[in-house]
Amino acid sequence: MGCTADDVDDFLRYYALPVAAAAYSDAPSTNKFLQLVDEGWDYDDFEPLIGGNVAEYFYNGFTDIWNHGMKNDFYQLKNKYPSYNILIVGHSLGGAMASIAAATIVSTGVVPASKVYLYTFGQPRTGNTDYAAAFNALGNSTELGL
């Protein structure tokens, strides 16, 4: 049995949104402006699987995590629970990487777009117009949208 719309709503309301809100806290942090410049500087330098260009910083971050365990964990869980929907959530840099993760999962045919739900909060511009068009062409899930 997969999760229901109420389960997704509860997850977003009680877990994902509070984590995203914490990112905007007034607590001291590293220099966010310099990180933002670094993240978005080279967005024409890399091509993801679906077409268009995304920021090299975002692509490298996703690829590093994907190739160092996330891919294996994802396939293990997908094989254990083949009928479940996939919920991908990210904030800021994580939102950009979540977008690339959803694109990777759908474009490689591992899971159809109708079973992938993507939520991002404060996601920076991940890629150029061609990337956005290719991402949108992947399709939409039936209820919440990819």
Side-chain angles (χ1 to χ4, degrees), residues 2-3 7-9 11-25 27-146:
C3 64
D7 294 333
V8 172
D9 183 62
F11 172 80
L12 293 172
R13 180 178 313 204
Y14 299 113
Y15 298 99
L17 286 173
V19 170
Y24 292 102
S25 129
S29 65
T30 59
N31 192 328
K32 292 180 182 179
F33 175 75
L34 290 178
Q35 180 185 0
L36 182 61
V37 170
D38 190 32
E39 289 173 3
W41 190 259
D42 295 323
Y43 96 80
D44 285 327
D45 287 348
F46 230 92
E47 292 191 27
L49 297 172
I50 64 170
N53 297 324
V54 296
E56 184 175 20
Y57 189 90
F58 303 147
Y59 188 84
N60 288 343
F62 165 73
T63 302
D64 188 44
I65 292 170
W66 184 254
N67 290 334
H68 287 92
M70 183 181 177
K71 178 180 177 182
N72 293 339
D73 291 344
F74 172 77
Y75 277 101
Q76 182 180 18
L77 290 170
K78 183 223 170 260
N79 291 334
K80 186 173 182 178
Y81 305 104
S83 65
Y84 279 33
N85 293 326
I86 308 299
L87 176 64
I88 303 172
V89 179
H91 171 264
S92 192
L93 169 60
M97 291 170 34
S99 167
I100 296 169
T104 299
I105 290 167
V106 173
S107 70
T108 56
V110 176
V111 177
S114 63
K115 295 182 69 71
V116 176
Y117 296 87
L118 173 66
Y119 290 92
T120 64
F121 304 92
Q123 175 185 348
R125 181 178 176 186
T126 304
N128 64 7
T129 304
D130 292 336
Y131 172 76
F135 186 92
N136 289 339
L138 291 174
N140 295 317
S141 64
T142 56
E143 182 180 348
L144 302 174
L146 207 163

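We're numbering straight along the sequence, starting at 1.
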side-chain contact (heavy atoms from CB on, under 4.5 Å) between V116 and I88, intermediate numbers included: CA-CA 7 Å; V116 176; I88 303 172; 4.0 Å; yes

I86 vs F74, side-chain contact (heavy atoms from CB on, under 4.5 Å): CA-CA, chis, key distance, verdict: CA-CA 10 Å; I86 308 299; F74 172 77; 3.9 Å; yes

Taking every non-hydrogen atom, the tightest pair across A134 and G51: CB-O, 4.3 Å

Nearest-0.5 Å distance that lies between atom OH in Y81 and atom CD in Q76: 9.5 Å

Heavy-atom side-chain contact between S107 and L138 under 4.5 Å: yes

Exam field: side chain N67 to backbone T63, donor-acceptor pair closer than 3.5 Å: yes

CE on M97 to CZ on F58, rounded to 0.5 Å: 10.0 Å

From M70 atom CE to T104 atom OG1, the distance as rounded to the nearest 0.5 Å: 9.0 Å

Donor-acceptor contact below 3.5 Å, side chain K78 vs main chain S83: no

Euclidean distance, F62 CZ relative to T126 OG1, rounded to 0.5 Å: 12.0 Å

From CA spacing to verdict: side-chain contact (heavy atoms from CB on, under 4.5 Å), L118, T120: CA-CA 7 Å; L118 173 66; T120 64; 3.9 Å; yes

Residue pair Y84 / L77, side-chain heavy-atom distance below 4.5 Å: no

Straight-line distance of I50 CD1 to T108 OG1, nearest 0.5 Å: 11.0 Å

Straight-line distance of I100 CD1 to I105 CD1, nearest 0.5 Å: 12.0 Å

Full working for side-chain contact (heavy atoms from CB on, under 4.5 Å) between S99 and Q123: CA-CA 9 Å; S99 167; Q123 175 185 348; 3.6 Å; yes

